[in-house]
Amino acid sequence: MADRRNDDMRPDPFDSGRIRYHHSPGEPRPAMPGFDAWQDEAPPPPDPDSGLAPARRLPRISMRWIMRGLGAVLVLLVLAIAWLAITAPLSQSLKPPTPPSITLTAADGTPIARRGAIIAEPVDAAKMPAHVREAFLAIEDRRFYSHWGIDPRGIARAAWANLGSGGVRQGGSTITQQLAKNAFLDSDRTAARKIREVMIAFWLEAWLSKDEILSRYLSNVYFGDNVYGLRAASKHYFGRSPEKMNIGQAAMLAGLVKAPSRLAPTSNLKGARERQAVVVGAMVDAGFLTKAQAEDVQPQRVLASRPQQLPTGTYFADWILPEARDQAGEVKTEATVRTTLDRGLQRSAERVIRQAGLRQAQAALVAMTRDGKVVAMVGGRDYKKSAFNRATQARRQPGSTFKLFVYLAALRAGMSPDTMVDDSPVEIAGWKPKNDDNRYLGEITLRRAFQRSSNVVAARLTQEVGVRNVIRAARDLGISTPIANEATIGLGTSEVSLLELTAAFAGVAEGRYPVQPHGLPDVRDKSWYSSLTGGQKTLPDRIHDDMLTLLAASVRGTGRAAALSVDAYGKTGTSQSGRDAWFIGFAGDLVVGVWVGNDDNTPNPGLHGGGIPAQIWRNFMTDALDLAPVVKAPVVEDVDPEAGLIGMVENEIAPAAERLDALGMDLEIGPDGSVTVSRPEAPPPPPRRREELEPEEIEPQGF
């Protein structure tokens, strides 16, 4: 028996240390001491003379430690539920959240706008047409019906996208997480809030069915225009119930969830339609639509009339409302939120825009303190006619105001206002920039080049310091819109918003950047990402002083119409053919930006930043800072190259001629440029009838 056991238990030539057991088919397996008791006791050591390696021991896990681990998990779970019950209102968990009604007040506590939510009856996701549910699932949470409240794949995808973009651009939240956040939490980007959100999501998944979760989400999500819930949104925008919406309408509403205030089709139909197309494409990718069905989807129209409850405020109120809702937190009935708006400055801003003689053009104005506190905002000439906010929503070419970043990059590279630069024609990769007045002065100082807004110098500087460094300067000062990686950006060819550009100038005024424009006095940066990447940075004293020198020189040059009786700093800007005209500058504690142009981006012959925008800026600043008007214009070292004779006639003389005409006077410009004001001779009175004449006035009639 021993011999047979030795034959049957031979070492495996392909796995040293292992023993293979061999026996004939049908033959009972012989007893193997040590092997049969493997799990109960250690096997006996092998015979040293056998040549066999010792067998491996399997690790033994004590039941005592298993029970201890399970007990610890149970205790942690109980503690987590207790913590969650304290920090989140779980007693309200199955009730749909009621959107708050918010009253906005000015800085002095005076109400300036009221916003009451538009809501309707909740929807039942199970009774919705399939394409309505699928539109939201395709763009928000494709694996909604398969995950347990969180989607690891979505989180990984968002983390990878954010890592590549250098910031928070995408989120990995599921529909369940969004419901948890909307119902119980604020919008802070903190780790504690995210943990609570995940736990509430698990809690909702345990207590509610998938259709119930989707129903509550659709019944309470925000769709812009102060409208909450799918039923209210479908009636508000399309005048029909959600059960009767077509694919295009469902896709448009699903697309609004990402940025409802910005994409609301009543104010941004183009943006809503573009987002609708993105959702339709997502439905095709998810397999909810065929390509043929997607091609049949048409851009949707919305109701022209706006609800009576909406226009209860101003451009400022519309801009700050989403942030005010966030600050209201868990208030479910009514909240009052104080803003930074100064009613006196707001009235001044509206008045100077109204009196600017704009004709058909639009205008926008933003006023903020050096630390970014917005105190006045005008987004257009008439809010009732157009609620589109040109100060925050419009993206236009900044023209020469963008040279702020070119010259900042030059100063960072070691230049100074006295550095000599070449103001002569130049060609860069086939591009030949030209000065607006076709004058080229050769070697001039950096100060004079900025003063006269030389295009060729800006192009040369962009090439010398590098496009990347110019873009970096713009990004450092808070410009977030796309900037082309090409030399032409020095002349302001990339589009920006008035609010961001004004905040960039505020960063120079304050000497710290970036400045975050805000409309609520309580500003707390709670973003974990911001805390990791750092906060504000300080401009070195030399660079700060040199930037002030350049901006002051500009007010004596192209921006001379903005001169005040106190020190003023600013820069003009004009895009091609006068499509956009800017003046942005600061004096005292106020930083103010002004834009003038047409909504359809058509040319304005003669319009330039040193004309109407600079005048609006000066008039507002004079009133806001309670300054005496400038009696004598400052000495002008250079003629404004952005203006010319046509611009002067259009923007300065023409409005005066209209006012004189109303007084019955004529204004004429002579061939030598002289201006003559005269009162036209009165026309002779009509002849009186014969019966009205006196006897002695009647001439004898001949025969």
Side-chain angles (χ1 to χ4, degrees), residues 262 265-274 304 314-315 318-319 349-366 377-402 436 453 481 488 491-502 558-559 561-562 571-584 592-617 619-620 640-655 657-658:
R262 178 171 58 87
T266 47
S267 58
N268 185 12
L269 183 58
K270 179 182 178 182
R273 285 176 171 174
E274 291 175 351
T314 61
Y315 296 103
D318 288 347
W319 169 66
E350 293 172 355
R351 183 176 63 254
V352 297
I353 293 292
R354 192 168 53 247
Q355 297 175 350
L358 295 170
R359 299 186 181 179
Q360 302 301 318
Q362 280 287 353
L365 182 149
V366 171
M377 177 182 290
V378 178
R381 295 173 58 179
D382 192 338
Y383 180 86
K384 293 181 180 179
K385 292 183 178 179
S386 172
F388 179 71
N389 194 334
R390 296 155 187 86
T392 62
Q393 294 175 291
R395 302 287 186 271
R396 306 298 289 258
Q397 289 187 348
S400 293
T401 54
F402 197 87
D436 291 336
S453 196
T481 49
T488 60
L491 306 188
T493 55
S494 295
E495 297 178 340
V496 298
S497 73
L498 177 62
L499 182 67
E500 274 195 351
L501 194 55
T502 305
T558 60
K571 184 71 186 77
T572 59
T574 310
S575 65
Q576 188 176 18
S577 301
R579 288 177 169 84
D580 305 281
W582 311 68
F583 188 87
I584 303 178
V592 179
V594 178
W595 166 86
V596 176
N598 294 331
D599 283 340
D600 59 3
N601 204 31
T602 53
N604 290 280
L607 181 66
H608 60 99
I612 290 179
Q615 295 165 14
I616 293 175
W617 188 91
N619 294 338
F620 176 80
D640 184 355
E642 295 180 334
L645 181 59
I646 296 178
M648 182 173 62
V649 172
E650 178 72 18
N651 294 284
E652 300 179 12
I653 298 179
E658 292 180 355

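Count residues from 1 along the sequence.
- Looking only at distances, a side-chain donor or acceptor of Trp617 sits under 3.5 Å from a matching main-chain atom of Val592.
- With no hydrogens or angles considered, a side-chain donor-acceptor pair links Asn604 and Asn598 at under 3.5 Å.
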Let me see the working for Asp318 and Thr314 under side chain to side chain contact (heavy atoms under 4.5 Å, CB included), right down to the final yes or no. CA-CA 6 Å; Asp318 288 347; Thr314 61; over 6 Å; no

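- To the nearest 0.5 Å, atoms CD (Gln360) and CG (Asp600) are separated by 10.5 Å.
- The closest donor-acceptor contact from the side chain of Gln397 to the backbone of Thr493 lies under 3.5 Å.
- Of the inter-residue distances, the one linking Thr392 atom OG1 with Trp319 atom CH2 reads 8.0 Å to the nearest 0.5 angstrom.
- For the residue pair Ile584 and Thr502, the shortest heavy atom distance occurs at CG2-CA, 4.1 Å.
- In summary, the side chains of Trp595 and Asp580 do present a donor paired with an acceptor at a separation below 3.5 Å, with no hydrogens or angles considered.
- Summarising the geometry, atom CG belonging to Asn268 is positioned 6.5 Å from atom CZ belonging to Phe388; distances are rounded to the nearest 0.5 Å.
- Taking all atoms of both residues into account, the shortest heavy-atom contact from Trp582 to Pro613 is C-CB, 3.9 Å.
- The nearest pair of heavy atoms linking Ala391 to Met377 is CB-CG, 4.2 Å.
- Annotation for Val352 and Ile616: closest pair CG2-CG2, 4.0 Å, computed over non-hydrogen atoms.
- Within the model, atoms OG of Ser497 and CD of Gln393 stand 10.5 Å from one another, a figure rounded to the nearest 0.5 Å.
- Under a 3.5 Å cut-off, the side chain of Thr401 and the backbone N or O of Pro398 do form a donor-acceptor pair.
- One distance of note links CZ of Phe402 with CD of Glu495; it measures 12.0 Å at 0.5 Å rounding.
- Applying the salt bridge (Lys or Arg N to Asp or Glu O under 4.0 Å) rule to Arg579 yields no partners; only residues at least two apart in sequence or on another chain are considered.
- A distance of 15.0 Å separates OG of Ser494 from CZ of Arg396, quoted to the nearest 0.5 Å.
- A search for salt bridge (Lys or Arg N to Asp or Glu O under 4.0 Å) contacts involving Arg351 returns Asp623, not counting sequence neighbours.
- At distances below 3.5 Å, not a single donor-acceptor pair connects side-chain atoms of Arg381 with backbone N or O atoms of Gln362.
- No hydrogens or angles considered: a donor-acceptor pair under 3.5 Å links the side chains of Ser453 and Ser400.
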